[in-house]
2 protein chains.
Amino acid sequence: MDEPRWLDETEMAAWRGFVEATNLVARRLERQLKDDAGLSHTQYEILVQLSAAPEGSLRMTDLADRLVTSKSGLTYQVTQLEKAGLVGRRSCPGDVRGVIAELTEQGWHTLRAAAPGHVAAVRDTLIDVLTPQQLAALADSLNTVADRLRATDA
Amino acid sequence: MDEPRWLDETEMAAWRGFVEATNLVARRLERQLKDDAGLSHTQYEILVQLSAAPEGSLRMTDLADRLVTSKSGLTYQVTQLEKAGLVGRRSCPGDVRGVIAELTEQGWHTLRAAAPGHVAAVRDTLIDVLTPQQLAALADSLNTVADRLRATDA
DNA sequence: AGCGTTCGGTTCAAATTTGAACCAGATTCG
DNA sequence: CGAATCTGGTTCAAATTTGAACCGAACGCT
């Protein structure tokens with residue numbers, strides 16, 4: 001194990017910033033959603049992903065891919081949302097094993113009700129804090145990272 | 001509740017990128033640390049913060065501030081690390097209530113052993129994926145966000 | 001058709017996280 | 001001094017997350 005390449009000052013700043021911003025933003029938004037809409041961020045993300053899919057429905061596996069949770073974690077949360085009446089399960093035509101999660105009427109309604117407050121919070125914590133240039137740069141960098149990880153995960 | 005300002009394309013890209021990169025990077029590094037060093041990222045962060053402090057020790061409250069966990073979460077993790085022999089608790093001179101967490105010899109050793117692999121993984125997932133310009137821009141944006149949140153949390 | 005492998009989802013126990021309640025030691029004023 | 005309040009840390013129950021084990025169904029091949 002030879003001497004590794006340590007991080008220089010900028011690299012360290014990027015990394016510390018990443019860790020810190022990540023946690024702080026997550027914490028802040030978690031609370032906002034819980035307080036204002038009674039949803040965890042995970043649950044909100046599930047609703048968002050479903051709402052963006054055709055018919056407001058997705059197969060469990062596809063949903064798990066888009067979110068970044070374990071399969072069992074998804075099963076758990078979908079069950080919670082089902083109990084709350086926001087999501088339903090249907091079986092998947094053509095594959096008996098498959099399960100399709102689908103937004104209910106109430107799910108759509110809850111999401112529409114939660115979205116404005118959440119967007120405002122996102123602006124407040126992340127978007128409006130930065131200049132347009134910073135924001136564009138951030139989007140560029142983070143998407144590079146995300147794409148790269150998506151690719152190498154497979 | 002009037003019509004909110006929705007996110008435009010760049011804003012949305014930044015936000016989605018943030019959520020996605022955040023989760024993917026966290027997941028990746030969590031696994032790396034667990035596999036290679038038997039530590040969770042939280043635990044590793046505790047060791048790092050302690051190692052950066054004078055004497056390798058910090059008061060619980062200060063530690064909780066630097067990490068971004070709840071007080072009870074910190075108590076739990078420090079107890080775990082104590083069981084593992086990486087951290088010790090001392091009482092705080094001058095304030096009977098206070099507790100100081102302190103790296104043990106073994107804690108230093110474990111951290112030194114874990115660091116190279118972790119740094120390599122950080123490079124791999126985040127740093128080396130970006131150009132120097134992207135990296136500098138990322139550091140700039142994220143630190144702006146973090147600083148701003150630190151300020152408004154108080 | 002038959003066999004071995006992969007896939008999709010759930011179940012389970014164990015580890016972690018969180019917020020609220022709590023306790024004892026500080027602080028602050030009147 | 002002494003009551004009222006605040007602080008630092010732990011404890012507790014409840015919610016969540018994770019990975020491993022599992023089961024039945026689909027697939028690839030012979």
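Naming convention: chains lettered A, B, ... in sequence-line order (proteins, then strands); numbering from 1 in each chain. Computed from a prediction, not measured in an experiment: that's the story for all the values here.
At the phosphate of C:dT16, OP1 or OP2 sits under 4.0 Å from a side-chain N or O atom of B:Y76. Listed pair B:Q77 / C:dT17 meets the phosphate criterion, a side-chain N or O lying under 4.0 Å from OP1 or OP2. Residue A:R89 places at least one side-chain N or O under 4.0 Å from the OP1 or OP2 atom of C:dT10.
Put simply, the side chain of B:V99 does not reach to within 4.5 Å of the side chain of B:R90, judged on heavy atoms. The shortest side-chain heavy-atom distance between A:W108 and A:L47 does not fall under the 4.5 Å cut-off.
Residue-level contact check: B:T79 touches neither bases nor backbone, having no heavy atom under 4.0 Å from any strand. If you check every strand for non-hydrogen atoms under 4.0 Å, A:G98 touches sugar and phosphate atoms only. B:S40 comes within 4.0 angstrom of nothing in the nucleic acid, heavy atoms only.
One interatomic measurement links the two molecules: CG of A:D35 to C1' of C:dA20, which rounds to 15 Å at whole-angstrom precision. Between the CD atom of B:E82 and the C1' atom of D:dT10 there is a distance of 13 Å, rounded to whole Å. Atom CG of A:L67 is separated from atom C1' of D:dT17 by 14 Å (rounded to the nearest Å). Per the geometry, CG belonging to A:L81 stands 15 Å off P belonging to D:dA15, to the nearest Å. Rounded to an integer number of Å, the gap from CD of B:E30 to C1' of D:dT18 is 10 Å. One atom, CG of B:L74, and another, C1' of D:dT11, lie 14 Å apart when rounded to the nearest Å. Whole-Å rounding puts the B:D65 CG to D:dT7 P distance at 13 Å. In this entry the distance linking CG of A:L63 with P of C:dT10 reads 11 Å, nearest Å.
Considering only the side chain of B:T42, C:dT17 comes nearest among C:dT10, D:dT17, C:dT17. Taking every side-chain heavy atom of A:Q80 into account, D:dT16 is the closest of D:dG8, D:dT16, C:dT10. Here C:dT10 is the nucleotide among D:dA25, D:dT18, C:dT10 with the atom lying nearest to any side-chain atom of A:K71. For B:T75, whose side chain is taken as the heavy atoms from C-beta onward, the closest listed nucleotide among D:dT16, C:dT18, D:dT10 is D:dT10. When distances are taken from the side chain of B:D95 to each of D:dT10, C:dC7, C:dG25, the shortest belongs to C:dG25. In the set D:dT10, C:dC7, C:dA26, C:dC7 carries the atom at the smallest distance from any side-chain atom of A:R97.
Comparing B:Q43 and A:R31 by the nucleotide of DNA chain C that holds the closest heavy atom to each, the one mapping nearer the 5' end is B:Q43. When each of A:V68 and B:V99 is assigned the nucleotide of DNA chain D with its nearest heavy atom, B:V99 is the one assigned upstream, toward the 5' end.
Between B:W15 and A:H41, the ring-plane angle classifies as perpendicular under the 30° and 60° cut-offs.
Between B:R97 and B:S91, the side chains place no donor N or O within less than 3.5 Å of an acceptor N or O (distance only, hydrogens not considered).
Note on A:L63 and A:Y76: separate hydrophobic clusters, where clusters join Ile, Leu, Val, Met, Phe, Trp and Tyr whose side-chain heavy atoms are under 4.5 Å apart, directly or indirectly.
Checked by distance alone, B:S72 brings a side-chain donor or acceptor within 3.5 Å of a matching partner on the base of C:dG19.
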- Report the C-alpha separation of B:R148 and A:T125 in whole Å, then their side-chain angles, then the decisive distance to 0.1 Å, and conclude whether the side-chain hydrogen bond (donor to acceptor under 3.5 Å, both in side chains) test is met. CA-CA 8 Å; B:R148 213 274 194 174; A:T125 48; over 6 Å; no
